Q: 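Mind looking over this structure? Questions follow.
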Amino acid sequence: MLAQSKLLRLRHHHRLLPSRFSPLRRCHSECPSSSPAELTATQAVEVLHQWDFDQLRPFLFEASHHLPQIIVRLNSIPKAVDFLNYLRDKAERPQQALSYAFEGALQLASRHPNSQQHLLMLHTYRKSYLSNISLTAKSAYLLLQCLGKAQMLDDSLLLFNELDPSSTSSLISKLRGLFKSGRTHDALHLLDEMLDDFTGEVVFGELGRRDHRGRDFADEDIVGLVTKQCEHGVFPDAFKLTQMITTLCRNRKNVVAWELLHGVMRLGGAVAVEAASCNALLAGLGRERDIQRMNILMAEMEEMRIKPSVVTFGILVNNLCKARRIDEALEVFDKLKGKGEGNRVGVEPDVILYNTLIDGLCKVGREDHGLSLLEEMKTKKQCRPNAVTYNCLIDGFCKAGKIGKACKLYSQMINEEVKPTVVTLNTLVDGLCKHGKVHRAVEFFNEMKGKGLKGSTVTYTTLISAFCGVNNIDKAMQYFDEMLSSGCSPDAIIYYSLISGLSIAGRMDDASAVVSKLKQAGFGLDIACYNVLISGFCKKKKPERVYEMLEEMEKIGVKPDIVTYNTLVSYLGKIGDFRSARKLMKRMLEEGLQPSVVTYGAIIQAYCLKKNVGMAMMIFEKMCSTSKVPPNTVIYNILIDALCKNNNVEKAISLMDDMKIKGVRPNTTTYNAILKGVRDKKMLQKAFELMNRMIEDACRPDYITMEILTEWLDAVGEIEKLKHFVQGYPAPSPASSQTSISF
DNA sequence: CTAGGGTTAG
């Protein structure tokens, strides 16, 4: 087995000999009469025994590559040597025949029970009498093996140099080192591999294998070695080059990969570099969103006439999309389709390219453009839309809030006989849930189960989050169990969903139980998990459990982040422990964490709760003027509510104007707070104005709004205005119709 | 079955 593979490799090696003679291919086409199959042993021996130069002529010239087999059939080393002498002494010297005959003699020797001695004899014989003939690969291999065994380092190196004058000095010195330290076997192995492929399996194979335990070569050295080989016109094959680049990029060594590819490109150009190798580097650059270098590489490819493939453009378009540079992606795409100046690249877009682009369009909210590409695909035989195409579009329409269109696309998909996948299922389940149609989502899931499609962890995560979101914890737990029994393995995300849902619902005992399950399953809590748990324990006023969590975090090395600090500061503020809050903030700053708008909100709320609205306002103004933290809706809501409750509706109203100036959008909570304030002050006209503004701002009144307004407006006989307001129209009074005209 | 591009969940 081993011998056979070695032989195969050596056969392959022939092309590297100076003659570039390719024996196995030529025999049939050029000299059918002497094909090895037709050459019987007797015939061969007969021919050789006659030693008639004219009769031998075909074997000495056109078909000299058969000589090794013929010599082997002589079955006698002395006879083989005689034949070598005979050839050598001929006036008309057949150099190539001598090379092959010598190979035959070596083969004979290597099969001899005392092979080592006979091989050495032939080596000496060659040195004295045949030094001017070149060696075939097999000859070189056999000789090197025997010299290695004999520890004849100098002869080995001479031979090696003779064979491969371009071999690099670093490889030679490695070889020398191996011989010196007595690792003859390793040295032979190295030689073997270098012979096998002059580009050096050693060099290339090593890079492919090494990752963590990094051996003799640093990546940079490998680049040097490969480049050196290239300088001598020996290039790695496209596959190995690609593999090396992929490995380097995966180890986040884009710079080294870039150098490697450019070394080979500079020395070998399009002869040595194919699109695939460039693709590997492009993908690596894409991972770091380095579009600039990607463009440079594309330009270089064009300059060197390395023909890009459809994958090349796939990588480029994908990364342009991910960088939200969708228009540039479309430009590339149009170029492929030959739009514009007939600038055809000779690459046809395929399904994946279409899908990439459709997904990119959907992700920036241009799903209608995506839809037009879907229609275009249907007209092309080569790129029929597949499940991924529909998945991208369905997700796009779901995220755009057009659940109806998404469902329509699903039926279209079924009509076109494109089989939905589990991703289709998950996308629609998520879309339905996010639109409050959890029940429909469950129905759809059941329908798909009936069709034999199983849910995945993603399906269950979506449903569990949805049921937690509507406070139906029992149903969420039920789906968790179903997931386990259906054979899905839970991951960290699904545990997080449950823990988060239970914590928000205040069911901390259940949340803790899930934490134990999570730990049993071999997962650890991450910072997000700890944060929801801490928040839950804070809400339940269980400081001892909070400290427990914090201690655990410290023990296992999960550092509190700004969310953790905000949660704690907010809790301390609510219980009025300003001293601890201040201490905590000091530590937060020491840890290098900058206060966020949530931190300010927590402090402001704390002062508001203490009825110290003046202090709250001061902090707010300081935040706006000195920090780079822009205020958000929540902060305004806290302040507006507090000002109203403290008899300062005027100031609250001016804050609402401030919001408008700063471009902070009020929400229903904002309006509820201010409406309550103006009601308590019986400012009816102001209430109507605010109601109209609420409609402009697209804030839907909720049950709290109704509670504030109904009784009041009914009492003052303005219930009509409230009816219009609820339907989403401004009240048709003279004062308010003016506002709507100006609007 | 030699490399290289596309979709879902906290």
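All of these numbers come straight from a predicted model, not from anything done at the bench. Letters A, B, ... mirror the listed sequences (proteins, then strands); counts begin at 1.
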Q: Over 60° means perpendicular and under 30° means parallel, so tell me whether A/Tyr495 and A/Phe523 are parallel, tilted or perpendicular.
A: tilted

Q: With a 4.0 Å cut-off, would you call A/Asp327 and A/Arg366 a salt bridge?
A: yes

Q: Quick one, which residues of residues 474-485 of chain A touch DNA chain B with a heavy atom under 4.0 Å?
A: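 None, since no heavy atom is under 4.0 Å.
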
Q: Applying side-chain hydrogen bond (donor to acceptor under 3.5 Å, both in side chains) to A/Ser456 and A/Asn426, what does each step give before you reach the verdict?
A: CA-CA 8 Å; A/Ser456 68; A/Asn426 295 340; 3.3 Å; yes

Q: Just the table, please: protein N/O against nucleotides 7-10 of chain B N/O, every pair under 3.5 Å.
A:
unit_1, atom_1, unit_2, atom_2, d
B/dT7, OP1, A/Lys322, NZ, 3.1
B/dT7, O2, A/Asn391, ND2, 2.5
B/dT8, OP1, A/Lys363, NZ, 2.9
B/dT8, O2, A/Asn426, ND2, 2.5
B/dA9, OP1, A/Lys399, NZ, 3.2
B/dA9, N1, A/Asp491, OD2, 3.2
B/dG10, OP1, A/Lys434, NZ, 3.3

Q: Reckon A/Ile358 touches a base, only the sugar-phosphate, or nothing at all at heavy-atom distances under 4.0 Å?
A: nothing

Q: Decide whether A/Asn531 and A/Asp561 meet the rule of one side-chain donor and one side-chain acceptor closer than 3.5 Å.
A: yes

Q: Taking only Lys NZ, Arg NE, NH1 and NH2, and the carboxylate oxygens of Asp or Glu, determine whether A/Glu552 and A/Lys519 approach each other closer than 4.0 Å.
A: yes

Q: What distance separates A/Ile499 CD1 from A/Met508 CE, expressed to the nearest 0.5 Å?
A: 9.5 Å

Q: Assign A/Asn531 to base, sugar-phosphate, or nothing according to its heavy-atom contacts below 4.0 angstrom with the strands shown.
A: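 A/Asn531: no heavy atom of the nucleic acid under 4.0 Å.
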
Q: So, A/Arg507 and A/Asp474, do they make that salt bridge, N to O below 4.0 Å?
A: yes

Q: Is it true that a side-chain atom of A/Lys454 and a backbone atom of A/Ser486 form a donor plus acceptor pair closer than 3.5 Å?
A: yes

Q: Listing time: all N or O pairs from protein to nucleotides 1-4 of chain B that are below 3.5 Å?
A:
unit_1, atom_1, unit_2, atom_2, d
B/dA3, N3, A/Thr242, OG1, 3.2
B/dG4, OP1, A/Arg250, NH2, 3.3
B/dG4, N2, A/Asn279, ND2, 3.3
B/dG4, N2, A/Ser309, OG, 2.8
B/dG4, N3, A/Asn279, ND2, 3.3

Q: At under 4.0 Å between heavy atoms, what does A/Asn319 touch on the DNA or RNA strands: base, sugar-phosphate, or nothing?
A: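 Nothing, no nucleic acid heavy atom in range.
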
Q: Below 4.0 angstrom, N of the basic side chain to O of the carboxylate: do A/Glu376 and A/Lys337 qualify?
A: yes

Q: Does atom NZ (A/Lys540) have a neighbourhood of more than 12 heavy atoms from anything else shown, all under 6.0 Å?
A: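 No - once you tally the heavy atoms of other residues, nucleotides and ligands closer than 6.0 Å, there are 12 at most.
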
